[in-house]
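Written below as structure tokens is the structure these notes are about.
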Amino acid sequence: MDAIRTLEGDFTGGDGRYALVVGRWNSFVVEHLLDGAVDTLRRHGVSDKQMTIIRVPGAFEIPLVCEKAAASGDYDAIIALGAVIRGGTPHFEHVAGECTKGIAQVSLQHGLPVAFGVLTVDSIEQAIERSGTKAGNKGAEAASSALEMVSLLKQL
């Protein structure tokens, strides 16, 4: 019997080009996500010349800029970084939901990895935990996902 063929990415996407789309809103958290993402890319052989940081006002604007970056053909993966923190109004649901849907749509429409490093949390404490303290750094995790997906897509 023949062996089952298995494809799996690894972290050898260091020859790729990466756009990091970064929301400025809640920057006290998001800058730590960016630091984690850049550090992870560098540790896996991505040079600064292979990275482009694109700043947007907030999470709601991330999908549009991801769309433009994907359509440019200049990138092998996009890493979306931001933070939406729940408040006392329905604003959280609208922003978080549209950001999530928009990012997924860009990825599928362009066949390009768009790593989701946007925190959607209930409190500032949760945001801080996920940006480099107790719960790790979700920016670093998004960068790892992007590296792995670039490697995997090259095999398909």
In sequence, state the C-alpha distance, the side-chain angles, and the governing distance for D76 and Y18, and then conclude on side-chain contact (heavy atoms from CB on, under 4.5 Å). CA-CA 6 Å; D76 297 296; Y18 297 85; 5.5 Å; no
Between M51 and V46, what is the shortest heavy-atom contact and its length? CE-O, 3.7 Å
Would a 4.5 Å heavy-atom cut-off, applied to side chains only, mark L34 and R55 as touching? yes
Smallest heavy-atom separation, A37 atom then L81 atom, equals CB-CD1, 4.0 Å
L7 versus R5: any side-chain heavy-atom pair under 4.5 Å? yes
What do you reckon, is CZ of F60 surrounded by more than 12 foreign heavy atoms closer than 6.0 Å? no
Nearest heavy atoms of V106 and P63, plus distance in Å: CG2-O, 3.7 Å
Shortest non-hydrogen contact from S151 toward G9: OG-CA, 3.7 Å
Is it true that atom CD of Q155 has more than 12 heavy atoms of other residues, nucleotides or ligands lying nearer than 6.0 Å? yes
Could you go step by step and tell me if D15 and K154 meet the side-chain contact (heavy atoms from CB on, under 4.5 Å) rule? CA-CA 11 Å; D15 59 344; K154 286 181 180 180; 2.7 Å; yes
Count I, L, V, M, F, W, Y as connected when their side-chain heavy atoms are under 4.5 Å apart, and connections chain through other members. Are L156 and M149 then in the same cluster? yes
Heavy-atom distance under 4.5 Å between the side chains of F11 and T40, does that happen here? no
Between the CD atom in E31 and the OG atom in S131, the distance rounded to the nearest 0.5 Å is 11.0 Å
Which heavy atom in R130 sits nearest to a heavy atom in V121, and how many Å separate them? CD-CG1, 3.9 Å
How long is the straight-line distance from OG of S72 back to CZ of R17, given to the nearest 0.5 Å? 8.0 Å
Close side-chain approach of P113 to L153, heavy-atom, < 4.5 Å: yes
Does F28 share a hydrophobic cluster with V38, counting links as ILVMFWY side-chain heavy atoms below 4.5 Å and allowing steps through other members? yes
Less than 4.5 Å apart, any side-chain heavy atom of I54 and any of V22? no
Side chains of Q126 and V29 in contact at under 4.5 Å (non-hydrogen atoms): no
Is there a side-chain contact between L41 and L20 in this structure, where contact means two heavy atoms from C-beta onward sitting under 4.5 Å apart? yes
Beyond-backbone contact of I79 with V21, side-chain heavy atoms, under 4.5 angstrom: no
Find the distance between SG (C99) and CZ (F116) and round it off to the nearest 0.5 Å. 5.0 Å
With side-chain contact (heavy atoms from CB on, under 4.5 Å) as the criterion, how do H110 and E67 come out once you've worked through the C-alpha distance, each side chain's angles and the decisive distance to 0.1 Å? CA-CA 8 Å; H110 292 277; E67 162 64 31; 3.0 Å; yes
Just grab all the salt bridge (charged side-chain N to carboxylate O under 4.0 Å, His left out) pairs involving residues 107-120, residues at least two apart or on different chains. none
Check I103, T100, L33 against V118 for a side-chain contact (heavy atoms from CB on, under 4.5 Å) and give me the one that passes. I103
Can you get from W25 to I85 by hopping between Ile, Leu, Val, Met, Phe, Trp and Tyr side chains that sit under 4.5 Å apart? no
So for atom CD, which belongs to Q105, do other residues, nucleotides or ligands contribute more than 12 heavy atoms lying within a distance under 6.0 Å? no
Between K68 and D74, does the salt bridge (Lys or Arg N to Asp or Glu O under 4.0 Å) criterion hold? Intermediate values first, please. CA-CA 10 Å; K68 292 291 189 182; D74 292 340; over 6 Å; no
Please report the shortest heavy-atom distance between I62 and A80, naming the atom on each side. CG2-CB, 3.7 Å
To the nearest 0.5 Å, tell me how far E61 CD sits from C66 SG. 11.5 Å
